[in-house]
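Input: a single structure, listed below in structure tokens.
Throughout, residue positions are numbered sequentially from 1 according to the sequence presented. Excluded from the calculations below are hydrogen atoms, water molecules and symmetry mates; all remaining heavy atoms, backbone and side chain alike, are included.
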Amino acid sequence: SEKDAIRSQIAKCWTVPAGARNAHELIVVLRVEVRQDGSVLQVTLADKSKARYGADSFYRAAADSAIRAVKMCSPLKDLPADKY
């Protein structure tokens with residue numbers, strides 16, 4: 001699916017911070033806005049991730065790392081032009 005394609009691109013740029021507890025269960029939900037050329041316009045934490053961000057330093061490190069990864073992977077490739 002399109003979401004899986006985007007996830008796989010970002011996963012190549014993301015490194016889970018060392019020492020993260022239960023890293024295999026770690027889920028960071030982001031909101032990403034892109035231009036038609038695939039370049040990232042904005043990336044923020046999705047609402048359901050914000051509460052945990054303030055309470056868990058391991059999660060905060062992982063979320064910051066995920067946000068950096070999205071920016072590093074810009075532009076995202078092979079996005080359908082009709083979905084902007």
Side-chain angles (χ1 to χ4, degrees):
S1 77
E2 294 157 357
K3 287 182 181 181
D4 290 332
I6 293 168
R7 282 183 190 121
S8 70
Q9 288 180 56
I10 294 169
K12 293 175 185 174
C13 298
W14 186 45
T15 303
V16 178
R21 295 180 303 223
N22 301 323
H24 62 284
E25 296 175 2
L26 183 63
I27 297 172
V28 176
V29 181
L30 302 174
R31 177 177 168 76
V32 181
E33 295 179 43
V34 295
R35 294 182 182 93
Q36 283 189 322
D37 66 358
S39 60
V40 173
L41 181 62
Q42 182 176 358
V43 57
T44 57
L45 282 175
D47 287 341
K48 60 179 153 183
S49 291
K50 289 179 182 176
R52 188 170 175 195
Y53 184 86
D56 183 341
S57 63
F58 287 105
Y59 186 82
R60 186 170 38 257
D64 290 343
S65 177
I67 290 169
R68 279 191 305 274
V70 171
K71 291 176 181 178
M72 283 188 336
C73 282
S74 180
L76 300 172
K77 298 181 180 18
D78 302 322
L79 301 177
D82 62 333
K83 300 262 176 123
Y84 291 89

CZ (R52) and CD1 (I27) are apart, to the nearest 0.5 Å, by 8.5 Å
If you take all heavy atoms of P75 and S39, which pair is closest and at what distance? CB-N, 3.7 Å
Minimum heavy-atom separation for E2 and P80, please, with both atom names. OE2-CG, 3.4 Å
Is the backbone of T15 close enough, under 3.5 Å, to the side chain of S65 for a donor and an acceptor to pair up by distance? yes
Rounded to the nearest 0.5 Å, how far apart are CG of D37 and NZ of K77? 10.5 Å
Side-chain heavy atoms of L41 within contact of V34, under 4.5 Å: no
Quick one: does Y59's side chain have a donor or acceptor within less than 3.5 Å of a partner on G54's backbone? no
Here the gap from Q42 atom CD to K71 atom NZ, rounded to the nearest 0.5 Å, amounts to 9.0 Å
Do you know which two heavy atoms are closest between A66 and W14, and how far apart they sit? N-NE1, 3.2 Å
Can you tell which of I10, I67, T44 makes a side chain to side chain contact (heavy atoms under 4.5 Å, CB included) with L30? I67
Test side chain to side chain contact (heavy atoms under 4.5 Å, CB included) on Y53 and D64; report intermediate values, then the result. CA-CA 9 Å; Y53 184 86; D64 290 343; 2.7 Å; yes
